[in-house]
A.B. asks: 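Take this structure first; my questions come after.
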Amino acid sequence: MQAATAGRQAALEDLRTRARALGVALEPAAAAQLLRLLDELRQWNRAYNLTAITAPAAMVGAHLLDSLAASGALEGMRIADLGTGAGFPGLPLAIVHPDRHFTLIDGTAKKVRFVAHAARTLGLSNVAAVHARAEELRPAQAFDTIVARAVGSLTELATLARPLARPGTLLLAYKGQRPDAELAALPVDWKLLGVRELEVPGLGAERSLVSLEFRPGPAGA
Ligand code: SAH
């Protein structure tokens, strides 16, 4: 028991140190919630096969730190995570931004069930889990920022994101190495704001963040 508690404390401090290297200051309570999220994911994964990455250190890098890498880039109060899967990047972002509201969308029921369970268990009142295909959604109010990780090409993502956006909506796409070919084929109603290379501590993979702004033409979109 004592050893388990000491191990938990070390994991918590390690997470906070690595988040700091990303420019994210984690309160101890938020770090504890993030580790609890991984516990829940590991537990549900036994029955539902939600993630292929299950080694504790790898989960911290791939699920928590990678998700938090765009933390400083969010704009506005209404955030959508399109194709959230088991809640990434949406759940870690919602934990560190309790003042913003997050709508986590996925077309696969078992993943959305996990997201709803995790939000309930962690007491995240700023998270809504929505089971839907993005192309079927017509939100009453558009989102300020849409985040997405590992959801199609930039062209596919930009097309899916259109009904969730208003002029000025920011789309943040988590990518591997700089996706030059995809950038060359962007739909005209999304303007490229920039591509930032991300250093995710301990991940050992090339990561980049593509920022796009929705600028529909005069004919509308
Ligand atoms: N973002 C998560 C999951 C990536 S896998 C992560 O990085 O871990 C891609 C996810 O997008 C899958 O869970 C799939 O169900 C979802 N998805 C793909 N197309 C979608 C669509 N049109 N609408 C809603 N969800 C979609």
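In what follows, every heavy atom counts, from backbone to side chain, and hydrogens, waters and symmetry copies are set aside. All ligand and atom numbering here is 1-based and tracks the order in the structure.
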A.B. asks: Atoms of ligand 1 less than 4.0 Å from Glu135 heavy atoms?
C.D. replies: 21 (C), 22 (N), 23 (N)

A.B. asks: Are there more than 12 heavy atoms of other residues, nucleotides or ligands under 6.0 Å from atom CD of Glu136?
C.D. replies: yes

A.B. asks: Have a look at ligand 1 and work out which part of Leu160, if any, has a heavy atom under 4.0 Å from it: side chain, backbone, both or neither.
C.D. replies: side chain

A.B. asks: Tell me which one of Gly87, Gly85, Gly90, Ala150 gets a heavy atom nearest to atom 5 (S) of ligand 1.
C.D. replies: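 Comparing heavy atoms across Gly87, Gly85, Gly90, Ala150, the nearest one to atom 5 (S) of ligand 1 lies in Ala150.
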
A.B. asks: Are any of the N/O atoms in Val151 less than 3.5 Å from those in ligand 1?
C.D. replies: no

A.B. asks: Does a side-chain N-to-carboxylate-O contact under 4.0 Å join Glu199 and Arg207?
C.D. replies: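 Judged by the 4.0 Å cut-off on N to carboxylate O distance, Glu199 and Arg207 do not form a salt bridge.
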
A.B. asks: Output yes when Asp189 and Arg215 qualify as a salt bridge under the 4.0 Å nitrogen-oxygen rule, no when they do not.
C.D. replies: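 Salt bridge absent between Asp189 and Arg215.
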
A.B. asks: Would you mind checking if Asp81 and Arg149 are paired as a salt bridge, meaning a charged N to carboxylate O distance below 4.0 Å?
C.D. replies: no

A.B. asks: Which residue and atom name correspond to the protein heavy atom nearest atom 8 (O) of ligand 1, and how close is it?
C.D. replies: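 Looking at atom 8 (O) of ligand 1, the protein heavy atom closest to it is Arg149 NH2, 3.1 Å.
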
A.B. asks: How far is atom 11 (O) of ligand 1 from its nearest protein heavy atom, and which residue and atom name does that atom have?
C.D. replies: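 The closest one turns out to be Gly83 CA, 3.4 Å.
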
A.B. asks: Is it the side chain, the backbone, both or neither of Lys111 that has a heavy atom closer than 4.0 Å to ligand 1?
C.D. replies: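 The side chain, only.
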
A.B. asks: I'd like to know whether CD of Glu13 has more than 12 heavy-atom contacts from other residues, nucleotides or ligands below 6.0 angstrom.
C.D. replies: yes

A.B. asks: Looking at atom 25 (N) of ligand 1, what's its closest protein heavy atom, distance included?
C.D. replies: Gly107 N, 3.2 Å

A.B. asks: Indicate the atoms forming the closest heavy-atom contact of Ile95 with Ala30, along with that distance.
C.D. replies: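 That would be CG2-O, 3.7 Å.
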
A.B. asks: Salt bridge check, Asp39 against Arg42: does any charged N sit closer than 4.0 Å to a carboxylate O?
C.D. replies: yes

A.B. asks: Considering only heavy atoms, does Ala132 approach ligand 1 within less than 4.0 Å through its side chain, its backbone, both, or neither?
C.D. replies: backbone

A.B. asks: Look at atom 19 (N) of ligand 1 and say which protein heavy atom is nearest, naming residue and atom and giving the distance to 0.1 Å.
C.D. replies: Arg133 NH2, 3.9 Å

A.B. asks: So which protein heavy atom does atom 15 (O) of ligand 1 come closest to, and at what separation?
C.D. replies: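 Checking every protein heavy atom, the shortest distance to atom 15 (O) of ligand 1 gives Asp106 OD1, 2.7 Å.
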
A.B. asks: Which of the atoms in ligand 1, numbered in the order shown and given with their element, are less than 4.0 Å from a heavy-atom of Ala134?
C.D. replies: 21 (C), 22 (N), 23 (N), 24 (C)

